[in-house]
Structures are given as C-alpha cells and as structure tokens.
**Q** 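One structure, as structure tokens, below. Some questions next.
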Amino acid sequence: MAQKVTPMSEDYSRWYTDVVQMAELADYAPVKGCMVIRPYGFALWENMRDHLDRMIKETGHVNAYFPALIPESFMKKEAEHVEGFAPECAVVTHGGGKKLEEPLVLRPTSETIIYHMYAKWVMSYRDLPILINQWANVFRWELRPRLFLRTLEFLWQEGHTAHATYEEAEEETLKMLEVYRVFAEEVLAIPVYPGAKSDSERFAGALRTYCIEAMMQDGKALQAGTSHNLGQNFAKAFDLVFQDKDGETRHAWNTSWGVSTRMVGAVVMMHGDDNGLILPPRIAPIQAVIVPIYSSDEDRAAVFQAAETLKKRLASAGVRVHIDARDQHKPGWKFAEWEQKGVPLRIEIGPKDVAKSQVVLARRDTKEKAPIPTEEAIALLPGKLGEIQGDLFERARKFRDEHTHVVDDYEDLKKIVEKGGFAFAHWDGTRETEAAIKEETKATIRCIPFEEGAEPGRCVRSGNPSKQRVYIARAY
RNA sequence: CGGGGCGUGGCGCAGUCCGGUAGCGCACCUGCUUUGGGAGCAGGGUGUCGGAGGUUCGAAUCCUCUCGCCCCGACCA
C-alpha cells in the first residue's frame with residue numbers, strides 16, 4: 001500500500017487495476033489470465049454470495065455440486081453450444097501418467113453434465129420441476145484477461161432447472177432475472193437495465209437470453225447477470241424426457257442462469273473514486289473502522305478502552321466493526337489506507353474525544369467528517385449505513401440516467417458511444433444492422449428492454465421500421 | 001492472433017546507447033523522538049540483473065535464441 005491510484009480521468013483501465021490491487025482484493029497469479037482472490041476480496045465476494053444464495057433458496061432452489069471435468073463428447077452434443085464454447089475450452093488430455101482415451105473438458109459452464117444427470121433422475125412429470133443451483137469455478141480460455149472482469153478461471157453460481165412446460169420455464173427464466181435485478185440494485189447498489197439479448201448475443205444453445213446491464217463510470221456497459229430459457233435444446237441432446245400426465249413421453253424444458261465474480265469488478269467500477277474503493281455497506285467486509293489516536297501511554301490505554309467498548313456495542317447492533325490497532329502507522333496513514341479499501345464509515349477516537357464522550361465520524365463516499373456524541377453515534381450508525389447504501393444507489397442511477405440518451409440520428413449515436421454512454425435507439429431487429437452498428441461504432445446492442453421504448457419508429461441505422469428502442473453501448 | 005512496452009533486492013524504478021566494484025526510492029529490522037490526513041533522524045539486512053548459449057581479460061550492458069508478464073485492438077460473464 002502507501003501508494004496512490006492512477007486518477008480515473010487519466011486512465012480508467014489503470015485506475016481500475018490500481019484500485020483492485022491496492023485495496024488488496026486480488027493479485028495476479030503465476031499463470032497468465034489467472035488471479036488470486038485475496039482475503040479482503042474474498043470476504044467481499046462471500047458477502048455477495050451469501051446474499052444471493054439466500055435469495056436463490058428463497059425462490060425454491062437447492063444447492064448441489066457437479067464435477068469440473070466433463071467428457072469432451074458431452075460438449076459436442078448440442079450444436080450451437082459446441083460452436084459457442086469450443087474456442088475457449090481448456091482440455092485435459094492426460095491423467096495418471098497416461099494419455100486419456102477421451103479428453104476431458106474443464107467446464108466452461110455445466111449445462112451438458114447437468115442435463116445428462118437430470119436425464120437419469122427424471123422419469124415422470126412428478127419428478128419435475130428440478131430446481132438446482134451450484135456454486136462453482138469455471139474455465140474459459142480468454143485471450144485478454146482483466147482482474148475479476150475476464151479471467152481464465154472464475155467463480156460463479158449457475159442455476160439449472162428442468163420443467164414440464166415451456167410456460168413454466170419461461171416464468172422461471174424471468175423470475176431469476178428479477179432476482180438478479182433486485183440483488184444488483186438493493187444489495188450492490190448498482191442500477192441495471194433488464195432486458196433480452198439479441199440473437200447474436202444469445203447464449204450458445206439457448207432459445208432466449210435475458211440479462212441485466214449496468215453502466216460503469218466510463219460509460220461502458222457491463223453485463224451483470226444472465227438468465228437463459230434453453231427451450232428443449234439440451235433436453236433433446238441429452239435425452240432428458242419424462243412421461244406426462246397423458247402418458248406421452250416429452251422432452252423437458254430447461255433454464256440456466258448465472259452471476260459471477262465479475263460482479264466484484266462491477267462494484268469497484270460502479271462506486272470507486274480517485275481515492276480507491278467505495279463499498280456499499282450491505283456487502284462491505286468491514287462497515288466501520290475505528291482508528292484510535294494517541295501519543296502517551298495513558299492516552300493510548302484510555303483510547304483503546306473507549307474503542308473496545310464502542311466496538312462491542314456496535315457489533316451487538318449488527319455492525320461489522322474493526323479496530324485498527326496497529327502501532328506502526330500514524331492515523332493519517334490509516335485514514336488513507338481504509339479509504340483505499342472502501343470502508344463506508346471511519347470512526348476516529350482520540351484523547352479529546354474520550355474527554356468529551358464523543359467520536360469523530362467520517363463518511364467514505366461524501367468525505368463528510370464531524371464529531372458526534374458517542375451514544376448518539378451508536379444509535380444512529382446502523383441507519384447511517386442504510387443511508388449510505390441508498391445514496392450510492394441514487395448517485396449511480398443519476399449517473400446512468402444522465403449518460404443514457406434517446407437518439408434518432410446515427411451520427412449522434414456514434415458520438416455518444418464514443419464518449420461513453422448508452423444510446424436508446426430504434427433498431428430494425430435484423431442481425432445485419434446489428435453487425436453494421438458494431439462494425440462502425442464498436443458498440444453492441446446491450447439489451448432489448450421489456451416495456452420502455454416500445455413505440456414504433458425508424459431504425460437509427462437502416463431507416464427501416466422498428467417496433468422498439470434498444471440500449472446500445474460499448475461493453476466490457 | 002496483430003501492435004506496443006517491460007523483465008535488475010519484497011514492491012516501484014535508474015543503470016543498457018558508449019562493457020570495468022550493482023545503485024535509488026518505498027517497504028522491512030533496531031533505537032530514539034513522534035501520532036487529529038500517508039512522521040523525522042541514526043544505524044542495519046536484502047540481489048543467481050527472467051533463462052540458455054555466445055563474444056570478451058572482463059557482460060545487467062554487445063550478439064543469438066528462448067520464456068514470461070503488462071497495456072492497446074478482433075471474441076467473451
């Protein structure tokens with residue numbers, strides 16, 4: 001630590017990398033494209049994971065674990081799936097000192113092995129639905145890795161369900177997208193646009209893909225979660241059939257949905273500033289850090305006693321508190337370090353405070369700092385954390401709204417995505433137009449919203465009739 | 001896979017053009033003074049100069065090969 005991060009305005013990419021490393025969220029591993037998630041980063045991920053896990057369980061799902069090694073032949077059973085994932089698969093060819101008869105793929109996602117197993121477990125409509133989630137690592141051989149955003153191995157949850165009808169599968173797909181929206185907005189304080197992906201952005205093997213799209217502070221889009229209605233594509237490839245009420249044998253309908261450690265990157269890019277990370281209180285590993293200030297031994301003892309008492313009382317009020325008891329650093333150094341690490345609230349206690357039964361409270365996001373009577377601080381702190389959570393979301397939403405522009409002119413669209421921001425424009429719905437836009441602007445159709453912009457118009461690129469507006473932006 | 005940059009104490013770098021005792025900052029250790037926004041002084045330890053060959057009396061420096069990483073562009077959560 002003891003260094004400053006590159007200012008966001010100077011170089012956004014470097015700012016991001018600096019923040020991640022200086023906050024000790026992650027570090028580069030010896031293998032290119034791999035990273036180590038450090039304890040502080042992992043604590044953050046655990047908090048995110050625990051919230052989401054609860055939400056997934058509350059919607060009726062159970063956790064299980066499927067293996068990371070998948071027979072290569074499985075990956076080839078669903079045509080689109082093979083084509084989509086083949087280039088980024090890592091393959092194990094040797095084991096036990098011998099060349100394997102059949103190579104094993106390190107899962108890039110687990111549809112194939114999971115539906116193979118479901119096929120064994122399902123006989124009748126009474127066995128449906130199957131609502132399973134797993135927390136796992138997956139591997140995708142990315143050519144251009146970035147900490148948390150794109151690494152060869154990453155952590156995620158993947159839900160895989162099987163249903164008796166199309167309608168039920170579609171309902172499940174949308175239900176989980178909504179879970180993700182709530183998770184992003186209420187837990188991570190990241191506002192998102194939910195919607196559907198265009199055909200060319202669809203998951204390999206899915207009927208339809210839905211997503212939530214967030215806007216980072218450089219105006220680029222980040223896909224924060226996806227939910228797929230897989231139709232019967234995998235059921236057909238893996239003989240996942242059941243006997244229905246009427247005695248007929250039918251293929252099941254599947255869905256899958258996932259959120260990954262990429263979300264950690266989203267939190268960094270969404271809320272951070274030039275002093276480092278800013279964490280939403282709901283997921284911050286430490287919500288309030290107490291920095292004791294002292295010079296003489298007597299002061300030190302008195303200050304620490306006050307700090308310990310305060311810590312106990314706050315902890316019993318449900319606040320995650322940490323006392324920075326290190327002797328080797330001066331208070332100013334500690335202030336800077338905890339700011340880099342994004343701790344929402346800092347509590348300073350010095351001899352003057354002890355004498356007056358007060359503490360100094362400082363907010364990470366607004367930099368506000370003021371003395372406050374200790375009793376009052378204890379009473380108001382949980383609420384303060386909630387207020388910060390809300391303010392972060394509002395600030396992010398304001399930023400996003402200010403950088404989302406309704407456009408009807410192609411030149412305007414080019415300028416907007418170049419500068420950083422979302423264009424909300426009409427699109428004729430064709431693959432050709434989408435490809436042309438991408439070619440000419442490096443921006444893609446991020447999502448087709450469910451309701452907003454559903455009025456007829458003319459495609460911003462082709463001039464052909466359009467049924468509705470879509471979000472277009474450059475993306476991570 | 002194309003373009004660019006870089007490998008030298010734990011970290012960040014200088015030294016390489018023009019070969020001649022391997023240096024600086026930070027960090028670390030000890031001591032004293034300090035402590036309300038990244039402390040000061042004194043003392044101390046730290047290197048197969050990414051690797052392999054070669055040229056030379058002598059290579060971090062020159063030559064050949066090689067490995068790795070980072071950044072920017074085409075694909076992806």
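Residue numbering restarts at 1 for every chain, and letters A, B, ... go by the order of the sequence lines.
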**Q** Salt bridge or not for A/R474 and A/E418, using N-O below 4.0 Å?
**A**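 Judged by the 4.0 Å cut-off on N to carboxylate O distance, A/R474 and A/E418 do form a salt bridge.
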**Q** Quick check: do A/L230 and A/F203 have side-chain heavy atoms less than 4.5 Å from each other?
**A**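 Sidechains of A/F203 and A/L230: in contact.
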**Q** Using the P atoms only, state how far B/C72 lies from B/C32, rounded to an integer number of Å.
**A**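 To the nearest whole Å, 49 Å.
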**Q** For B/C62 versus B/G7, give the span between their P atoms, rounded off to a whole number of Å.
**A**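 Their P atoms lie roughly 12 Å apart.
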**Q** Expressed in angstrom and rounded to an integer, what is the separation of A/I293 atom CD1 from B/G37 atom P?
**A**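 Between P of B/G37 and CD1 of A/I293: 8 Å.
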**Q** Tell me which of A/D11 and A/K438 sits closer to the 5' end of RNA chain B, going by the nucleotide each one is nearest to.
**A**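 Result of the comparison: A/D11.
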**Q** If I take atom CZ in residue A/R474 and atom P in nucleotide B/C75, what distance separates them, rounded to the nearest angstrom?
**A**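 After rounding, the gap between these two atoms is 13 Å.
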**Q** Between A/S200 and A/P145, just flag the one whose closest nucleotide in RNA chain B comes earlier from the 5' side.
**A**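 Its nearest nucleotide being more 5', the pick is A/P145.
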**Q** Please report the distance separating the C1' of B/A60 from the corresponding atom of B/C24, rounded so that it comes out in whole Å.
**A**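 So the two C1' atoms sit 16 Å from each other.
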**Q** Starting from P on B/G36, measure out to CZ on A/R346 and report it in whole angstrom.
**A**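 My rounded result for the distance is 12 Å.
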**Q** Looking at B/U46, which nucleotide sits across from it as a Watson-Crick or G-U wobble partner, both distances under 3.5 angstrom, or is there none?
**A**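 Check on B/U46: unpaired, no WC or wobble geometry under 3.5 Å.
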**Q** Considering every strand shown, what is the Watson-Crick or G-U wobble mate of B/G31 when both distances are under 3.5 Å?
**A**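 Answer to the pairing question: B/C41, which forms a Watson-Crick or G-U pair with B/G31.
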**Q** Report the distance from atom OH of A/Y294 to atom C1' of B/A39, rounded to the nearest whole Å.
**A**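 Rounding to the nearest Å, OH of A/Y294 and C1' of B/A39 are 14 Å apart.
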**Q** For a quick check of understanding: with a heavy-atom distance under 4.0 Å over all strands, which category does A/V291 fall into, base, sugar-phosphate or nothing?
**A**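 A/V291: no heavy atom of the nucleic acid under 4.0 Å.
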**Q** Between A/E439 (CD) and B/C75 (C1'), how many Å, whole number?
**A**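 Nearest whole value for this atom pair: 14 Å.
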**Q** Taking atom types as modelled, find out whether A/T255 and A/N229 have a side-chain donor-acceptor pair closer than 3.5 angstrom.
**A**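 A/T255 vs A/N229: no donor-acceptor pair found between side chains.
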**Q** Between B/G37, B/C71, B/A74, spot the one nearest the side chain of A/K442, thanks.
**A**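 Among B/G37, B/C71, B/A74, the one nearest the side chain of A/K442 is B/A74.
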**Q** Which base sits across from B/G7 as a Watson-Crick or G-U pair, both distances under 3.5 Å?
**A**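 Matched B/G7 with B/C67 under the 3.5 Å cut-off.
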**Q** Does any donor atom in the side chain of A/E158 or A/H160 lie under 3.5 Å from an acceptor atom in the other side chain?
**A**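 The criterion, which ignores hydrogens and geometry beyond distance, is satisfied for A/H160 and A/E158.
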**Q** Which value, in whole Å, describes the distance between the P atoms of nucleotides B/C67 and B/U21?
**A**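 Between the two P atoms, the distance is 33 Å.
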**Q** Using atom C1' of each nucleotide, how far apart are B/G45 and B/A27 to the nearest Å?
**A**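 Each nucleotide's C1' atom is 13 Å from the other's.
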**Q** Please report the distance separating the C1' of B/C28 from the corresponding atom of B/C71, rounded so that it comes out in whole Å.
**A**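 B/C28 and B/C71 have their C1' atoms separated by 31 Å.
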**Q** Has the side chain of A/E339 got a donor or acceptor that lies under 3.5 Å from a partner of the other kind on the base of B/G37?
**A**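 Flag set: donor-acceptor pair detected.
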**Q** Would you call A/R300-A/D297 a salt bridge at under 4.0 Å N-O?
**A**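 Here A/R300 does not pair with A/D297 in a salt bridge, since their nearest N and O are not under 4.0 Å apart.
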**Q** Nearest to the side chain of A/S13 - B/G37, B/C72, B/G36?
**A**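 Nearest to the side-chain atoms of A/S13, counting from C-beta on, is B/C72.
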**Q** So which nucleotide from B/C71, B/G38, B/G36 ends up closest to the side chain of A/E348?
**A**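 Nearest listed nucleotide: B/G36.
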**Q** Between the base of B/G37 and the side chain of A/K369, is there a donor and acceptor pair under 3.5 angstrom?
**A**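 Looking at the base of B/G37, it does pair with a donor or acceptor on the side chain of A/K369 (distance under 3.5 Å).
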**Q** If the P atom of B/G54 is compared with that of B/A59, how far apart are they to the nearest Å?
**A**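 The answer is 12 Å between these two P atoms.
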**Q** Check the side chains of A/T209 and A/H228 for a donor-acceptor pair under 3.5 angstrom, ignoring hydrogens and angles.
**A**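 There is such a pair (donor and acceptor under 3.5 Å, judged by atom type) between the side chains of A/H228 and A/T209.
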**Q** Applying a 3.5 Å limit to both distances, which nucleotide forms a Watson-Crick or G-U wobble pair with B/C13?
**A**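 Checking every strand shown, B/C13 finds its partner in B/G23, with both distances under 3.5 Å.
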**Q** Has the side chain of A/Q340 got a donor or acceptor atom sitting under 3.5 Å from an opposite partner on the base of B/G38?
**A**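 When only heavy-atom distances are counted, A/Q340 does reach the base of B/G38 through a donor-acceptor pair under 3.5 Å.
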**Q** Tell me, please, whether A/Y40 has A/K341 positioned over its six-membered ring: NZ or CZ under 6.0 Å from the ring centre and within 45 degrees of its axis?
**A**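 Yes, cation above the ring, under 6.0 Å and within 45°.
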**Q** Distance check, C1' atoms only: B/G50 and B/U61, in whole angstrom units.
**A**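 These two C1' atoms come out 16 Å apart once rounded.
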**Q** Could you check how far NZ of A/K367 sits from C1' of B/G36, rounded to whole Å?
**A**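 Distance, rounded to whole Å: 17 Å.
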**Q** Could you tell me the Watson-Crick or G-U partner of B/G2, where both distances fall under 3.5 Å? Say none if there is no partner.
**A**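 Partner of B/G2: B/C72.
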**Q** Given atom OH of A/Y12 and atom C1' of B/C72, what is their separation to the nearest angstrom?
**A**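 Taking atom C1' of B/C72 as the reference, OH of A/Y12 is at 18 Å.
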**Q** Please give, in whole Å, the distance from B/C26 P to A/W333 CH2?
**A**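 Rounded to whole Å, this separation is 15 Å.
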**Q** Look at the side chain of A/R140 and the base of B/C76, then say whether one donor and one acceptor between them are separated by less than 3.5 Å.
**A**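 Side chain to base: no pair present.
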